[in-house]
Amino acid sequence: MNVRRHHISGVAIAAVTALGLGTLSACSSDSAAAGNTEKFDVVASFYPMAFLAEQIGGDHVKVTSLTQPGQEPHDLEVSAQQRAQIEESDAALYLKGLQPAVDEAVTQSGAKTKIDAAALTKLEDHGSLEDSHEHEGEEAHSEEEEEHALDPHVWLDPVKYAEIAEGVGAAFEKADPDHAADYKKNTAALVKKLDGLDTQFEDGLKNTTTKVFFTNHAAFGYLAERYGLTMEAISGLDPESEPSPARIKELQQEAKADGVTTVFYETLVSDKTAKTLADDAGLKTDVLDPLEGITDKSKGDDYFGVMEANLAALKTALGAK
């Protein structure tokens with residue numbers, strides 16, 4: 001996970017083309033009436049998608065998130081009312097592979113524009129670290145299992161999030177051409193801000209005592225890979241999965257070997273396992289927020305605020321110089 005990658009310019013635009021923008025039917029100036037408002041109605045699957053839609057759409061969009069603040073997005077079940085919202089929307093923005101119920105609802109809907117953020121960047125298989133130890137050497141039993149192994153947490157890498165932003169901006173321009181100039185301008189401003197965040201992380205994590213961090217939930221694989229770190233997850237990609245006793249013992253040994261000081265947990269999932277490991281191994285605990293939702297417990301008011309809090313926590317835990 002410590003391989004550096006660089007921004008591939010234009011990847012998001014190419015991905016939108018690959019999606020077939022012909023399917024993103026252009027709206028006339030009164031098209032937003034389909035969502036019963038005068039604005040371009042966007043239904044977003046969860047916070048990182050809603051944040052993109054709001055930042056790019058500005059005053060021209062009305063954004064509805066299917067996942068409420070404080071709700072664990074992996075567990076979302078789509079209600080009949082939410083299915084109707086998707087159906088009536090001008091655009092549905094989601095991240096395929098994170099919320100199966102949303103994937104199904106959007107696929108079955110007649111939403112005019114369907115934007116899959118996972119198709120706007122390259123997803124990778126960071127796997128479940130627990131599973132990789134238990135099933136080492138076994139081959140995947142089906143294509144479906146291989147697909148589910150792809151890590152959906154791309155928004156935690158500012159570079160990949162910027163690629164998605166470019167793709168969403170292009171889709172908004174195509175679907176609502178009357179406001180294309182504003183969407184283009186807003187997208188450029190957001191990408192510039194994300195580039196700045198990328199620089200903050202790169203500079204802040206360049207020189208550290210250790211490169212290894214422990215986390216309750218394997219959500220930070222893209223972030224770790226981007227900045228030359230190694231994430232060791234207590235659980236896998238599923239935040240509710242329980243680690244085996246062998247995994248706990250292995251992490252205790254690794255903490256001593258790699259100078260790990262901190263076990264990170266997150267705000268939307270129980271911290272019991274993380275604190276048990278920390279107590280047994282004599283480690284500290286702190287929050288590393290996977291940014292799946294903003295609540296009053298979040299260490300920031302929006303994506304950028306929470307990401308900066310995550311950077312500060314990582315710098316402390318890793319011994320940044």
Give every donor-acceptor pair under 3.5 Å between a side-chain atom in residues 54-61 and any protein atom, sequence neighbours left out.
from, atom 1, to, atom 2, distance (Å)
H60, NE2, D182, OD2, 2.7

Worksheet item: Are any of the side-chain heavy atoms of V154 and L123 separated by less than 4.5 Å?
Response: yes
Practice prompt. Hey, could you give me the CG/CG distance between N310 and L288, rounded to the nearest 0.5 Å?
Written response: 4.5 Å
Worksheet item: Given the side-chain rings of Y303 and Y47, with only the six-membered ring counted for Trp, is the space between their centroids under 6.0 Å?
Response: no
Response to the item:
Rounding to 0.5 Å, atoms CG (D195) and CD (Q200) come to a distance of 11.5 Å
Practice prompt. Please determine if R226 and D157 form a salt bridge, counting it only when a charged side-chain N lies under 4.0 Å from a carboxylate O.
Written response: yes
Worksheet item: Is the shortest heavy-atom distance from the side chain of I294 to the side chain of V306 under 4.5 Å?
Response: yes
Discussion item. Keeping D271 on the side-chain end and A274 on the backbone end, is there a donor-acceptor pair under 3.5 Å?
Written reply: no
Item to complete: Taking T67 for its side chain and S45 for its backbone only, find out whether a donor-acceptor pair lies under 3.5 Å.
Response: yes
Practice prompt. Indicate yes or no for a side-chain donor-acceptor contact from Q71 to the backbone of Q68 under 3.5 Å, with no hydrogens or angles considered.
Written response: yes
Worksheet item: Just by distance, do the side chain of W155 and the backbone of P290 share a donor-acceptor pair under 3.5 Å?
Response: yes
Fill in: Heavy-atom check, side chain of S109 versus side chain of K114, under 4.5 Å
yes
Discussion item. Between the side chains of E266 and K297, is the shortest nitrogen-to-carboxylate-oxygen separation below 4.0 Å, so that they form an ion pair?
Written reply: no
Discussion item. Distance check, rounded to the nearest 0.5 Å: Y94 atom OH versus Q99 atom CD?
Written reply: 11.5 Å
Worksheet item: Does K193 count as lying over the ring of F304, i.e. NZ or CZ under 6.0 Å from the six-ring centre, within 45 degrees of the axis?
Response: yes
Worksheet item: Any Lys/Arg nitrogen of D203 or K315 sitting under 4.0 Å from an Asp/Glu carboxylate oxygen of the other?
Response: no
Worksheet item: If you measure only the distance, is there a donor-acceptor pair under 3.5 Å linking the side chains of E173 and H179?
Response: no
Fill in: Side chain to side chain, V102 and L76, heavy atoms closer than 4.5 Å
yes
Worksheet item: Would you say the side-chain atoms of Q82 pair up with the backbone N or O of L66, donor to acceptor, closer than 3.5 Å?
Response: yes
Discussion item. Applying salt bridge (charged side-chain N to carboxylate O under 4.0 Å, His left out) to E232 and R247, what does each step give before you reach the verdict?
Written reply: CA-CA 10 Å; E232 287 288 357; R247 179 66 179 148; 2.8 Å; yes
Worksheet item: Less than 4.0 Å between a side-chain N and a carboxylate O, is that true for D116 and K96?
Response: no
Practice prompt. State yes or no: do V63 and V78 share one hydrophobic cluster built from I, L, V, M, F, W and Y residues joined by side-chain heavy-atom distances below 4.5 Å, directly or via other members?
Written response: no
Discussion item. Could you see if L223 belongs to whatever hydrophobic cluster contains M231? Use Ile, Leu, Val, Met, Phe, Trp, Tyr and a side-chain cutoff under 4.5 Å.
Written reply: yes
Worksheet item: Should Y222 and Y227 be marked as a side chain to side chain contact (heavy atoms under 4.5 Å, CB included) after you check the CA-CA gap, both sets of side-chain angles, and the distance that decides it?
Response: CA-CA 9 Å; Y222 292 104; Y227 303 110; over 6 Å; no
Worksheet entry | Side-chain heavy atoms of I164 within contact of V168, under 4.5 Å | yes
Worksheet entry | Flag for K160-T121: side-chain donor and acceptor within less than 3.5 Å | yes
Fill in: Same cluster (ILVMFWY, side-chain, under 4.5 Å), F264 and L311
yes
Worksheet item: About how many Å separate OG1 of T273 and NZ of K275, when rounded to the nearest 0.5 Å?
Response: 12.0 Å
Worksheet item: With a 4.5 Å heavy-atom cut-off, do V159 and L194 have their side chains touching?
Response: no
Contacts table for residues 205-214: side-chain donor-acceptor under 3.5 angstrom, sequence neighbours left out:
from, atom 1, to, atom 2, distance (Å)
T208, OG1, T210, O, 2.8
T208, OG1, K211, NZ, 3.2
T209, OG1, G319, O, 3.2
T210, OG1, V212, N, 3.2
T210, OG1, D258, O, 2.8
K211, NZ, L205, O, 3.0
K211, NZ, K206, O, 3.1

Worksheet item: Say you draw a straight line from CG of L277 to NZ of K272; how long is it, rounded to the nearest 0.5 Å?
Response: 14.0 Å
Practice prompt. Would you check if there is a donor-acceptor pair between the side chains of Y183 and D176 at a distance under 3.5 Å?
Written response: yes
Practice prompt. Please identify each residue that fulfils ring-ring contact (aromatic ring centres under 6.0 Å, His included) with Y265, with sequence neighbours left out.
Written response: none
